[in-house]
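We count residues from 1, following the sequence as given. Computed from a predicted model, the values in this text were never measured in an experiment.
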Amino acid sequence: MGTSLQKEAVIRFGEFEANLRQRELRKQGQRIALPEKLFEILAVLLENPGEIISREDLYSRLWSTALQGDLEHNLNVCVSKLRHTLSDSAGNPRYIQTLSGRGYRLIAPVEVEQDWQPERQSGRPRLAVLPFETSDVAPEQFYFSDGLAGEIITQLGHLYPHRLGVIARSSVLKYRGSAKSVAQIGQELKVNYILEGSMRMSQEHLHITVQLVQVRDQTCIWAESFDYPRADPKTIQNDIAERVAQKLGLELLPEQAAASVKQNTLSPEAHLAYLKGCYYQSKATAETLRKSIECFERATQLDPAYGLAYCGISYSYSIIGLLGFAGPPKECFLPAAKAARAALRINANLSAPHVSLAIVKYLYEWDWAGSEKLFRRALELNPSDALAYRMLGYLLSSQRRHEAAIDEARRACELDPVSLLSNVCLGATYYLARRYDEAIATLQDILNVKPNFGIAMKWLGATYSLKSMHTEAIHILEKARMHYSRNPLILAWLGAAYARAGRKAQARMVLDELARRAAERYVSAFAFALVYAGLEQSDQNFKYLEKAFEEHCPFFGALLGVDPMLDALRSDPRYHALADRIRKAHSRTGFKI
């Protein structure tokens, strides 16, 4: 294997530039963190454009001959991760082509330069608002400082939706109290600017110091201090957001968009209750979600026109409904729908109410056309809304619009780069598209960060099972059951994995356990259907699918027409009869299986 290009070269291909000497990859001027072995693969391909690079050459280049292990699997994972970084597709490649049994080839045109000249990023500048530092650990200060960054993020996203990319709140919370430098954080989040600040709270006043830092050279381009009356916290968010926007030199949007960020409440007590609700909601357990609802409801009692608090109620109820054991779906999704519609009546120019109602329409009402319309409207109002992109990705997967679904999931990851849920969505869309190797690579990356993350373990176990990697599937799902013993859907996926592995006695033990739980509290009928599908007991399977349909189980609607676990059912006449019933009941909603 010869080397066609000099090691000092900067090589442009598509939207990317690779500096072979500095071993840096950039996209539109922004540096992309790339592990060493992935860069090595890319470098070999770039040094030999258009040439076939054999797997054996890559083995010798990447790993010692003394290394024990599955080199073929390791290379497959590395190439899959590299494709993910490049937003490339194995089935329809723009950059890396696989030649079965031979190796890989770079198929994109390349341009070569000898000097590294980073360009100014095209498109929208990107901004991260870090959690504000506090001088005290009192709960009230903690809630306020935690929510302050979130409020600024929301307002900036709505003020300048087409001119400024604002990193999602969930991706910045991890930097609370971090010792990392602005340069490190900027590189990890791929942003141009960082807003950071500190706050001190006395009985009568709030003192806020903020500074806007340019990541490229860590220069402070604006800094200022503010003092506010303790009783008027909303003024802080509005004033800081406006000043930051002015210093970035952005133009105001038309009046309609600007109207979307009018103050949500004038009540400090209501606002504090809302921030507490956001805190509990972020923990995402059944107990903390119910606490979050209590806080949001308290906020609406203090201010009945507080639209974002109604959105919080709706989203928390929807998450509880997805747990599969907190009660029949109607007990969660009906109040979720009521709260979302109340939020829309209060302010139709915010993205959050549209997202809240879109989730209910997707998962419970099965009005998929209406759901997509609401998601699209939310993204018109705020193109930085990572939750809207994530849930739209799931909706499109349910409709078998796989490439579009993967694109939306990738956008969610770009806007919320350290969000595990956004990355789980990407892994799930790969799984539902039958792109199992990419699903495994994505989900394994998540578990490298958080080894016991239940939803990632569930999707990874299902993917292993479909690839007949039964030992791996059962191992990861048994681990998930150990950490999430109350979740019947994780137990059901384990039962299905047992069945597919031929361990039918253990699968029936799972059914017995689900039945015992169902005698004490609600268990989704879809959980039983999953296990019976693995056991290939079609009579029982369709019995529980019918029940899941009657319950309006969210997983029934989202997965029946697309989950590979249920592929064997789709040739059964009873499946088509059920599909006909669904089509008649939802003929105008876009719901189909």
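The salt bridge (charged side-chain N to carboxylate O under 4.0 Å, His left out) search around Glu513 returns Arg516, Arg517, not counting sequence neighbours. With sequence neighbours left out, the salt bridge (charged side-chain N to carboxylate O under 4.0 Å, His left out) criterion links Arg401 to Glu372. By the side chain to side chain donor-acceptor pair (under 3.5 Å) test, Tyr175 pairs with Glu188, sequence neighbours left out. The side chain to side chain contact (heavy atoms under 4.5 Å, CB included) search around Ser171 returns Ile167, Leu189, Asp416, Pro417, Val418, Ser419, not counting sequence neighbours.
In this structure a side-chain-to-backbone donor-acceptor pair under 3.5 Å is present from Thr429 to Leu426. Side-chain atoms of Thr463 do not come within 3.5 Å of backbone N or O of Tyr431 as any donor-acceptor pair. Side-chain atoms of Ser398 come within 3.5 Å of backbone atoms of Ala558 as a donor-acceptor pair (strictly under, hydrogens ignored). Counting only distance, with no hydrogens or angles, the side chain of Arg105 and the backbone of Leu99 share no donor-acceptor pair below 3.5 Å. Judged by distance alone, the side chain of Asp385 and the main-chain N or O of Ser351 form no donor-acceptor pair under 3.5 Å. Within the 3.5 Å criterion, the main-chain N or O of Val44 finds a donor-acceptor partner in the side chain of Asn48.
Of the candidates Lys174, Arg176, Lys180, Lys180 is the only one forming a side-chain contact (heavy atoms from CB on, under 4.5 Å) with Ser178.
Taking the charged nitrogens against the carboxylate oxygens, Arg411 and Glu408 do have a contact shorter than 4.0 Å, which makes a salt bridge. A salt bridge is defined here as a Lys NZ or Arg NE, NH1 or NH2 lying under 4.0 Å from an Asp or Glu carboxylate O, and Glu40 with Lys37 fails to meet this definition.
Scanning all heavy atoms of the two residues, the minimum distance from Phe39 to Leu25 falls at CE1-N, 4.1 Å. Nearest approach of Ile96 to Asp88, heavy atoms of both residues: N-OD2, 2.9 Å.
Ring geometry for Trp459 versus Tyr394: interplanar angle under 30°, hence parallel rather than tilted (30 to 60°).
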Apply side-chain contact (heavy atoms from CB on, under 4.5 Å) to Phe453 and Val424, showing your working.
CA-CA 10 Å; Phe453 194 43; Val424 166; 3.7 Å; yes
Could you walk me through whether Ile41 and Tyr104 pass side-chain contact (heavy atoms from CB on, under 4.5 Å), step by step?
CA-CA 10 Å; Ile41 295 172; Tyr104 303 93; over 6 Å; no
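Residue pairs meeting the ring pair (Phe, Tyr, Trp, His ring centres under 6.0 Å) criterion with at least one partner in residues 465-490, sequence neighbours excluded, do not occur; the list is empty. Pairs passing the salt bridge (Lys or Arg N to Asp or Glu O under 4.0 Å) check and including a residue from residues 421-440, sequence neighbours excluded, read Glu403-Arg435, Arg434-Asp567, Arg435-Glu438, Asp437-Lys467.
Side-chain contact between Val182 and Gln211 is absent, with no heavy-atom pair separated by less than 4.5 Å.
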